[in-house]
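For reference, the structure discussed in these notes is given below.
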There are 2 protein chains.
Amino acid sequence: MTHTTSDYATRIRRSGFRLTPQRQLILDAVCEGGGHTTIEEICARVQAKAPSINRSTVYRNLEFLQRLHLIVAAEIGGETVYEIAHNRHHHHLLCQGCGRQIEIGEEALASALTAILRDYDFLVLADHLVLRGLCGPCRAQTE
Amino acid sequence: MTHTTSDYATRIRRSGFRLTPQRQLILDAVCEGGGHTTIEEICARVQAKAPSINRSTVYRNLEFLQRLHLIVAAEIGGETVYEIAHNRHHHHLLCQGCGRQIEIGEEALASALTAILRDYDFLVLADHLVLRGLCGPCRAQTE
DNA sequence: TTACGTGCAAAATATTTGCAAGAAG
DNA sequence: CTTCTTGCAAATATTTTGCACGTAA
């Protein structure tokens with residue numbers, strides 16, 4: 001969940017791009033989100049530290065950081081959200097009751113996806129899926 | 001995949017709302033999409049038949065038809081898409097190579113979701129999931 | 001006849017782009 | 001120095017809203 005700045009710095013420079021304060025702050029902002037973070041939240045965090053940073057810079061860099069696979073995007077309820085890229089593929093459980101996010105390894109769905117490959121001749125590439133539902137406490141509360 | 005107008009008409013009227021030509025055309029447009037249809041496609045189809053129908057009417061009615069559970073929405077790549085509501089829960093496989101859509105029953109993921117309930121005490125409610133990947137022919141082509 | 005719905009236009013949001021000035025390497 | 005980046009502003013794109021008029025039931 002944490003990111004060591006130097007690592008990212010190296011990867012950005014190695015790719016022939018520059019590590020600007022803006023990029024660091026945007027990366028920090030995505031990281032601080034813990035799980036999924038919206039553009040709005042990213043802008044807020046970034047501009048709290050450096051108000052002069054423009055929205056378009058945020059847009060451009062979120063796309064840039066995705067291209068370098070330093071962050072990944074997912075859709076939740078029509079909204080694009082971002083998080084720091086893990087090496088390990090994984091998915092998320094998002095509780096509609098309390099908003100809690102649970103991260104699960106890709107193995108949780110692996111057998112189902114294998115079955116789909118077998119039954120439908122279709123290779124699912126979807127990493128980083130968001131599955132919505134209800135966690136135990138919230139289900140108990142609803143009943 | 002088809003919808004009998006009278007059935008929908010009845011359901012709309014029973015709920016105390018009106019069946020307008022606009023609503024019929026919008027419902028038809030969603031239906032013609034076969035699988036998932038974007039707002040843009042819906043507007044195009046609707047306005048081909050009745051150019052005077054306004055975009056805002058389309059927006060309003062897509063929301064309206066969702067409330068009545070006559071259509072359902074899903075997100076693909078940040079875009080909201082619509083389709084006629086089935087009674088049967090199901091998911092979609094979307095080929096990133098050729099754009100082909102394959103519909104799969106909910107049972108394809110059932111065991112995985114049951115395992116998630118057991119392992120994480122989390123009940124996944126996500127019906128109508130969109131899984132992206134590559135179909136057989138497209139995988140063969142890529143290699 | 002009576003609300004429910006629609007078209008229109010304008011407002012509110014969200015995202016993208018061109019360009020000159022700034023700065024990382 | 002070089003050219004990648006940024007900020008700014010304007011252009012686009014997308015969605016929502018208010019309101020008077022139209023119409024389904």
Side-chain angles (χ1 to χ4, degrees), chain A residues 5-30 37-68 70-71 73-82, chain B residues 5-30 37-68 70-71 73-82:
Chain A
T5 310
S6 59
D7 179 37
Y8 285 94
T10 306
R11 288 175 62 181
I12 289 175
R13 294 211 188 88
R14 280 252 182 79
S15 307
F17 299 103
R18 293 172 186 172
L19 181 66
T20 62
Q22 288 88 338
R23 276 176 188 164
Q24 289 186 62
L25 283 173
I26 291 166
L27 213 39
D28 286 345
V30 175
T37 313
T38 65
I39 289 189
E40 218 47 52
E41 291 166 341
I42 293 167
C43 281
R45 283 195 204 107
V46 164
Q47 295 184 338
K49 292 181 184 169
S52 70
I53 293 181
N54 199 274
R55 280 185 91 78
S56 58
T57 299
V58 175
Y59 277 104
R60 282 189 282 227
N61 275 310
L62 286 175
E63 201 168 320
F64 169 82
L65 294 169
Q66 270 186 270
R67 271 207 312 279
L68 293 204
L70 296 181
I71 64 175
E75 324 295 330
I76 302 182
E79 200 166 34
T80 306
V81 293
Y82 302 88
Chain B
T5 309
S6 61
D7 179 36
Y8 286 94
T10 306
R11 288 176 63 182
I12 289 175
R13 293 209 188 90
R14 280 253 182 79
S15 307
F17 298 103
R18 293 173 187 172
L19 181 67
T20 62
Q22 287 90 338
R23 278 178 185 163
Q24 289 187 63
L25 284 173
I26 291 166
L27 213 38
D28 286 344
V30 175
T37 313
T38 65
I39 287 189
E40 218 48 52
E41 292 166 341
I42 292 167
C43 281
R45 283 196 204 107
V46 165
Q47 294 184 339
K49 293 181 183 167
S52 71
I53 293 181
N54 200 274
R55 281 184 91 77
S56 59
T57 299
V58 175
Y59 277 104
R60 281 189 281 226
N61 275 309
L62 287 176
E63 201 169 318
F64 169 81
L65 294 170
Q66 270 185 272
R67 271 208 311 280
L68 291 205
L70 296 182
I71 65 176
E75 324 293 331
I76 302 182
E79 199 166 34
T80 305
V81 294
Y82 301 88

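We name chains A, B, ... by the order of the sequence lines, and we start the count at 1 in each one.
Looking only at distances, no side-chain donor or acceptor of A:Q22 sits under 3.5 Å from a matching main-chain atom of A:V58.
Phosphate contact (OP1/OP2 of C:dT15, side-chain N/O of A:Y59, threshold under 4.0 Å): present. Side-chain N/O atoms of B:Q22 include none lying less than 4.0 angstrom from OP1 or OP2 on D:dT23. In terms of phosphate contacts, A:N54 brings no side-chain nitrogen or oxygen within less than 4.0 Å of OP1 or OP2 of D:dA9. Taking only side-chain nitrogens and oxygens, A:R13 comes nearer than 4.0 Å to OP1 or OP2 of C:dG25. Side-chain N/O atoms of B:T57 include one lying less than 4.0 angstrom from OP1 or OP2 on C:dG7.
Of the candidate nucleotides C:dT16, C:dA24, D:dT15, D:dT15 has the atom lying nearest to any side-chain atom of B:I39. Taking the side chain of B:R18 as heavy atoms from C-beta on, and the options C:dT2, C:dT16, C:dG25, the nearest nucleotide is C:dT2. When each of D:dT5, C:dC4, D:dT15 is scored by its nearest atom to the side-chain atoms of A:R23, the top-ranked nucleotide is D:dT5. Between D:dG7, D:dA25, C:dG7, one nucleotide has an atom nearer to the side chain of A:I53 than all others, and that is D:dG7.
Of the residues near DNA chain D, B:E40 and B:T20, the one whose nearest nucleotide (by heavy atom distance) lies more toward the 5' end is B:E40. Each of B:F17 and B:E63 lies near DNA chain D, and the nucleotide nearest B:E63 is the one positioned closer to the 5' end.
Residue contacts for A:R60: at a heavy-atom cut-off of 4.0 Å it reaches a base atom on one of the strands shown. Contact annotation for A:S52: backbone-only contact, meaning every heavy-atom pair under 4.0 Å involves sugar-phosphate atoms and none involves a base.
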